[in-house]
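Remember, it's 1-based here, ligands and their atoms both numbered in the order they're listed.
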Amino acid sequence: MAKPFLDVLKGDRRDPPPIWLMRQAGRYLPEYRELRAKAGGFLDLCYTPEFAVEVTLQPIERYGFDAAILFSDILVIPDGLGQDVSFVEGTGPVLKPIRSATEADLLSMDGLQKTLAPVYEAVSRLTGRLGAETALVGFAGAPWTVACYMVEGRTSRDFHAVKSFCYSDPEGFGRLMDLLVEATVAHLSAQVEAGVDAVQIFESHAGVLPEPEFMTWVVEPIRQIVAALREKWPNLPIIGFPRGAGPMYVPFAENTGVTAVSLDTSVSLDWAMDALPVGMPVQGNIDPVFLLTGGNEMDRAVERIIDACRSRPHIFNLGHGVDKQTDPKTVQRLVSKVREFSS
Ligand code: 1CP
């Protein structure tokens, strides 16, 4: 049976548009919080296939989304490369920061497949658990975004450490980025081999670089990843999410080779319909804060977005992840509202 999400990525329009949400599994769901408490650490949750499978399925069971996204995190790559990674309650991710090429050179691909094997096991179990109309999406963080966490050591506001590294030693930083390209290709390839239907590359910190550095550290590494995947799977659907890229969404869409782009909340849809490559599918882009307020205002935002995207294949999604304060009932209202639509 056809999967509407994949049809749209092939370039067809569907009315109503297929829908899934970034961070659709997570803390806003009581069943997630319950399982999270049982699992112990966040990485234990990611590396225990039976938990990862269950958490992935929770939002599908509740809302019947058109796509399930593998429950994991972008920071399993630094963990697999040998960096110390932990998730601290109330703080978020904490990594032992890498501040020089010498420190980066200590990382290696040797343990990656072994550390990440449970992730691929979760994928292969999931393929037997989803309905015929539901797609399975694998993902990875893009090298620049992952490097931000590896160098800063935590969530950052100013990105001084990572920018200082790449501006002052582009050659040394380039070695770290080459390793991340290789690790990302290996990680996404293993997910495809285990059975995901499509992949999304999260470039959450695309918006912090000047244009020349954006081309070097955002566009070029993603272009290499897409090219390596396409060599093995010419038709693999790949969604790129260069959050905050603004007008640089256009060179991103034109030069990386991705199938589709996920639009963040701040992107003007009229502009995007006009400026992006002809026929390229888009995903997005309701402000997740509408899900905190709900009501008629949210309904109107849904209508506006669906109307604005009528000239392209469109997948309904958020402009960023579901906030943990979101009421699960508001998500239900959003899904119902999107599904009321037809041409
Ligand atoms: O303790 C918890 O429960 C932690 C919350 C949490 C969750 C639910 C984290 C820690 N990661 C995740 C899952 C997750 N992360 C998914 C799963 C699938 C889904 O979407 O349902 C995905 C795709 C991610 C991706 C991710 N992790 C990104 C890229 C997307 C984005 O939000 O910009 C980033 C930047 C991370 C890093 C991360 N992981 C977790 C936290 C708290 C953070 C830091 C976020 C930040 O810097 O603001």
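We find that Glu133 and Arg14 are not joined by a salt bridge, their nearest charged nitrogen and carboxylate oxygen being 4.0 Å or further apart. A salt bridge between Arg175 and Glu171 is present, with a side-chain N of the basic residue lying under 4.0 Å from a carboxylate O of the acidic one. With salt bridges taken as basic N to acidic carboxylate O contacts below 4.0 Å, one links Glu340 and Lys337. Electrostatic pairing of Asp158 and Lys163 does not count as a salt bridge here, judged by no charged N lying under 4.0 Å from a carboxylate O.
Contact annotation for Glu89 and ligand 1: no heavy atom of the residue comes within less than 4.0 Å of the ligand. Contacts between Tyr32 and ligand 1 below 4.0 angstrom, taking non-hydrogen atoms only, involve the side chain exclusively. Contacts between Pro59 and ligand 1, counted as non-hydrogen atom pairs separated by less than 4.0 Å, are absent for every part of the residue. Only the backbone of Leu70 comes within contact range of ligand 1, with a heavy atom under 4.0 Å; no side-chain atom does.
Close approach to Arg27 involves these atoms of ligand 1, each under 4.0 Å from a residue heavy atom: 1 (O), 2 (C), 3 (O). Near Pro93, meaning under 4.0 Å from one of its heavy atoms, ligand 1 places the atoms 41 (C), 42 (C), 43 (C), 44 (C).
Nearest protein neighbour of atom 9 (C) of ligand 1, counting heavy atoms only, is Phe42 CZ, 3.4 Å. Looking only at heavy atoms of the protein, atom 34 (C) of ligand 1 is closest to Ile74 CD1, 3.5 Å. Protein heavy atom closest to atom 46 (C) of ligand 1, with residue, atom name and distance, is Tyr149 OH, 3.2 Å. In terms of protein heavy-atom proximity, atom 27 (N) of ligand 1 is nearest to Asp73 OD1, 2.9 Å. Regarding atom 17 (C) of ligand 1, its nearest protein heavy-atom neighbour is Ser72 O, 3.6 Å.
If you check the side chains of Ser311 and Arg13, you find no donor sitting under 3.5 Å from an acceptor.
On a distance-only criterion, Gln24 and ligand 1 share at least one N/O pair closer than 3.5 Å.
Relative ring orientation between Phe139 and Phe202 is described as perpendicular, the plane-to-plane angle rising above 60° on a 0-90° scale split at 30° and 60°.
Ligand 1 has no atom lying under 4.0 Å from any heavy atom of Leu21.
The shortest side-chain heavy-atom distance between Gln283 and Phe316 does not fall under the 4.5 Å cut-off.
In this structure, Tyr120 has its ring center closer than 6.0 angstrom to the ring center of His187.
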